[in-house]
Number of protein chains: 2
Amino acid sequence: MSFYREQDKHYVAVDCIVFGFNEDGLKLLLIKRQMDPFKNHWSLMGGFVKESESIDDAAKRITLSLTGLEQVYLEQLYTFGDINRDPGGRIISVAYYALIKINDSFQEILENNGAHWISVNNIPPLIFDHEQMVDTALNKIRKRCRTQPIGFELLPEKFTIPQLQLLYEAILMHPLDKRNFRKKILEMNLLDKLNEKDRSSSKKGAFYYRFNPEKYKDFTLQGFSFEV
Amino acid sequence: MSFYREQDKHYVAVDCIVFGFNEDGLKLLLIKRQMDPFKNHWSLMGGFVKESESIDDAAKRITLSLTGLEQVYLEQLYTFGDINRDPGGRIISVAYYALIKINDSFQEILENNGAHWISVNNIPPLIFDHEQMVDTALNKIRKRCRTQPIGFELLPEKFTIPQLQLLYEAILMHPLDKRNFRKKILEMNLLDKLNEKDRSSSKKGAFYYRFNPEKYKDFTLQGFSFEV
DNA sequence: ACAAAAGTGTTGTGCGTACACCCATGC
DNA sequence: GCATGGGTGTACGCACAACACTTTTGT
């Protein structure tokens, strides 16, 4: 055991790339940093890992404090460990990405944290290596959305097929054929059609769907191939 | 800056999952641990990250000390951060996997380190969460070998198509059709055929190939789809 | 009546998959 | 001459990709 005590110890942080989606496209939750170095610069939400918590728990704690949400899709992304990545000190950062459903209920918490939804197409300069973290996260979800139903973490409970297609187009950054998209997604039997229409975006109205929890879970475990 | 100083610090380790391949199949480099806790139990090679080095550099240093090899394919896998993963203390471990070409030149170094090549089909119980690390790494290279030419990191400079196929079969753990395999791999133009045969495993002999460095690099960057 | 978005089928093509026989050589 | 592994070609089916018109309804 004494061998352990001779070793260097490090500050370990968690940084969270939080994605959301609404009618304006794919969004990222960014904050104005409240401390030096780089006070008032745009930054990802982060925090230090405590002795008494696992890294996963630290990531949960940090997203909870930022959004007030207990249950979010959260996944470890990559660990950034260059010596000088933070000019304020040698800090190892484990990046996580989160997918959350944007709604009004927690906008107040976000504002209190100085957090804002920023379009992924218009990301301002970020501190440290946070831009690299965002790029890594975007690449990850682009791959992931082809094999796992992560898209649905970002939509409200009830959503329409055109909405879902817009989400995929925003993630993949290219247009999809709506016939092929609808066919592919429906024949997975992942969605349950509701007897209700969303008329907010057209006169005809689009039927609402919601995902089937069992099928959803199956696909989360087994994956699928979504070559749209 | 003073805010940083109030934070907890952690031991951070790197553990390396080192893969090799020879005529007996896919192998893993394991060591008999030389210190407590779990002295003499099977373990991955690991070490602590120093204040003065990046995590990547720590991984390089550790694989170098284990194998004596300067240039190995090394990639970060995942960071394991449960509080009690190591009963000897709270240690965060960043796992890396390495792919190396087995040859005689460094067997002596391996022996000095108490390291042994163990078939992935016959892995003994490992300390801590090292079995989970190995599983994660195996899943990673199974996915990876379908989109990136990582297989070639594991073969000697000159190799035959049947050898390459055996490697893929070992990684994917199922047999492949040799006609389809050969067709697919050759029409990538990734391999250069040599005017020389390997007669060690058959009377007819199999032509040697080596990979084309430019094509290899292209595929490393752009990926391919290897749906064998 | 017209604008605007939702919804619907078919066809071609390329790719993966399955499959059986000849070749070269050492013994 | 025979045993052993190396090497070769084809036919089928499926899934992706491309494509245009009708429906609904609010204004």
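Keep in mind that what you see is a predicted model, and the values were worked out from it rather than measured. Atom set for the values below is all heavy atoms of this structure, side chains included, hydrogens, waters and symmetry mates excluded.
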> Nucleotides 10-12 of chain D: which of its N/O atoms have a protein N/O under 3.5 Å away?
{"residue": "D/dT10", "atom": "O4", "partner": "B/Lys183", "partner atom": "NZ", "Å": "3.1"}

> Looking only at side-chain N and O atoms, does A/Gln107 offer a donor or acceptor that is under 3.5 Å from a partner on A/Glu111?
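Checked: A/Glu111/A/Gln107 side chains show no N/O donor-acceptor pair below 3.5 Å.
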> Nearest to the side chain of A/Lys184, heavy atoms from C-beta on, is which of D/dG6, D/dC16, D/dC19?
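For the A/Lys184 side chain, the nearest candidate turns out to be D/dC16.
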> State plainly whether the residues B/Asp57 and B/Lys60 are in salt-bridge range, i.e. N to O under 4.0 Å.
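Looking at B/Lys60 together with B/Asp57, the answer is yes, because their closest N to O distance falls below 4.0 Å.
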> If you check every side-chain atom of A/Pro162, which of C/dG9, C/dA6, D/dG9 has the closest atom?
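Shortest atom-to-atom distance from the side chain points to C/dA6.
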> Show me the donor-acceptor pairs, under 3.5 Å and distance only, between side chains in residues 132-140 of chain A and residues at least two apart or in other chains.
{"residue": "A/Thr136", "atom": "OG1", "partner": "A/Gln132", "partner atom": "O", "Å": "2.7"}
{"residue": "A/Asn139", "atom": "ND2", "partner": "A/Asp135", "partner atom": "O", "Å": "3.4"}

> Taking atom P of D/dG6 as reference, at what distance in whole Å does atom CZ of B/Phe181 sit?
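Result: 13 Å.
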> Round to a whole Å and report the spacing from CD1 of A/Ile185 to P of C/dG7.
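Nearest whole value for this atom pair: 14 Å.
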> I need the residues from residues 194-204 of chain A with at least one non-hydrogen atom less than 4.0 Å from DNA chain D; give them sorted by number, or say none.
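Within this stretch, A/Arg199, A/Lys203, A/Lys204 sit under 4.0 Å of the strand.
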> Expressed as a whole number of angstroms, how long is the span from B/Tyr209:OH to D/dG6:P?
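Checked: the OH to P distance equals 12 Å.
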> Are B/Trp42 and B/His116 an aromatic pair, judged by ring center distance below 6.0 Å?
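Yes - the distance between ring centres of B/His116 and B/Trp42 falls below the 6.0 Å cut-off.
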> Side-chain N or O of A/Arg179 less than 4.0 angstrom from OP1 or OP2 on D/dA18?
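A/Arg179 to D/dA18 OP1/OP2: no side-chain N or O under 4.0 Å.
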> How long is the line joining CD of B/Gln163 and P of D/dG5, in whole Å?
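After rounding, the reported distance stands at 14 Å.
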> Do A/Asn103 and A/Ser105 meet the criterion of a side-chain donor-acceptor pair at a distance under 3.5 Å?
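A donor-acceptor contact under 3.5 Å links the two side chains.
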> Quick one: CG on B/Leu66 to CG on B/Asn112, what's the gap to the nearest 0.5 Å?
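B/Leu66 atom CG to B/Asn112 atom CG measures 11.0 Å (nearest 0.5 Å).
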> Using whole Å, what does the distance between atom P of nucleotide D/dC14 and atom CD of A/Glu187 come to?
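In whole Å, D/dC14 P and A/Glu187 CD are 13 Å from each other.
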> Output the rounded distance in Å from OH (B/Tyr208) to P (D/dG7).
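Rounded to the whole Å, the gap is 12 Å.
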> Scan side-chain atoms only and decide if A/Asp198 and A/Ser200 contain a donor-acceptor pair under the 3.5 Å cut-off.
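Distance-only check passes for A/Asp198 and A/Ser200.
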> Measure from the ring center of A/Phe21 to the ring center of A/Phe152 and say whether it is less than 6.0 Å.
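That pair fails the under 6.0 Å test.
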> Are the side chains of B/Thr79 and B/Val12 in touch, meaning some heavy atoms are under 4.5 Å apart?
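A side-chain contact under 4.5 Å is absent here.
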> Whole-Å distance between C/dG7 P and A/Gln165 CD?
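For the pair A/Gln165 CD and C/dG7 P, the rounded distance is 11 Å.
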> Please state how far atom CG in A/Leu166 lies from atom P in C/dA5, giving the value in whole angstrom units.
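Going from A/Leu166 (CG) to C/dA5 (P), I get 11 Å.
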